[in-house]
Amino acid sequence: MARSEARVPTDRPARYAKQLASHLGRRSRTDWDEESGTGTLALDNGGTGTLTATDGALLLAVEAEPAHLDLLEGVVGRHLVRFGARDELVVEWHRDNGEPGTAQRNSEEPMPH
């Protein structure tokens with residue numbers, strides 16, 4: 001399994017984590033614990049994820065087969081960026097093998113490929 005992590009600066013990490021877990025829970029198994037500020041994601045393709053609300057940031061992590069890592073980063077990142085559009089959230093993934101991951105941000109113009 002490959003792992004990718006992102007630290008998303010925000011003043012409302014628990015709010016966004018709860019919203020993300022709730023939304024993704026429509027199609028996957030998710031859990032959010034308000035008291036501990038942590039949550040888990042069990043995604044369709046066998047991938048997993050964690051959400052951790054810290055002071056000033058939401059920490060995201062996903063694990064999957066290497067071929068599915070781009071997909072999981074995109075699903076989790078795109079939803080979070082959409083929920084946090086007013087706060088202009090940006091998700092930049094960093095992989096455990098040292099390679100850069102994908103990035104998600106709201107933009108008026110399409111990002112170059």
Side-chain angles (χ1 to χ4, degrees):
M1 295 288 256
R3 181 178 174 89
S4 189
E5 299 178 347
R7 181 182 184 281
V8 183
T10 175
D11 293 336
R12 300 183 279 186
R15 176 184 177 271
Y16 287 125
K18 180 178 179 180
Q19 188 175 9
L20 187 60
S22 174
H23 182 77
L24 293 176
R26 296 177 187 165
R27 299 186 65 190
S28 304
R29 288 185 327 276
T30 64
D31 176 56
W32 174 250
D33 182 341
E34 194 76 41
E35 194 170 306
S36 68
T38 60
T40 59
L41 310 171
L43 303 163
D44 292 344
N45 63 3
T48 61
T50 59
L51 312 169
T52 307
T54 65
D55 190 24
L58 175 57
L59 307 180
L60 307 171
V62 293
E63 289 187 5
E65 292 300 324
H68 297 291
L69 214 48
D70 277 2
L71 175 66
L72 289 186
E73 290 172 352
V75 167
V76 173
R78 278 192 318 274
H79 284 92
L80 181 59
V81 165
R82 189 169 8 143
F83 299 147
R86 260 184 274 155
D87 292 338
E88 298 181 4
L89 298 184
V90 174
V91 181
E92 294 180 334
W93 296 94
H94 304 277
R95 298 188 179 168
D96 62 355
N97 65 1
E99 292 178 4
T102 62
Q104 294 79 35
R105 62 180 46 86
N106 276 325
S107 173
E108 295 298 320
E109 299 177 23
M111 292 181 60
H113 295 284

N97 CG: over 12 foreign heavy atoms closer than 6.0 Å:
yes
Shortest non-hydrogen pair, P13 vs A57, comes out as CB-O, 3.2 Å
When rounded to the nearest 0.5 Å, the distance separating CD of E73 from CD of E92 is 11.5 Å
Excluding V8, membership of its hydrophobic cluster (Ile, Leu, Val, Met, Phe, Trp, Tyr; side-chain heavy atoms within less than 4.5 Å) reads Y16, L20, L24, W32, L41, L43, L51, L58, L60, V62, L69, L71, L72, V75, V76, L80, V81, F83, L89, V91, W93
Query raised in the report: Quick check: are there more than 12 heavy atoms from other residues, nucleotides or ligands sitting under 6.0 Å from CD of E34?
Result: yes
Does R82 have more than 12 heavy atoms from other residues, nucleotides or ligands lying within 6.0 Å of its CZ? yes
The reported gap from NE2 in H79 to CD in Q104 (rounded to nearest 0.5 angstrom) is 11.0 Å
d(H68 NE2, M1 CE) to nearest 0.5 Å is 9.5 Å
T38 and S36 have their tightest heavy-atom pair at OG1-OG, 2.7 Å
Any R95 side-chain heavy atom under 4.5 Å of R3 side chain = no
Rounding to 0.5 Å, atoms CZ (R78) and CG (N106) come to a distance of 12.0 Å
OG1 of T40 to CG of D31, rounded to nearest 0.5 Å, is 4.5 Å
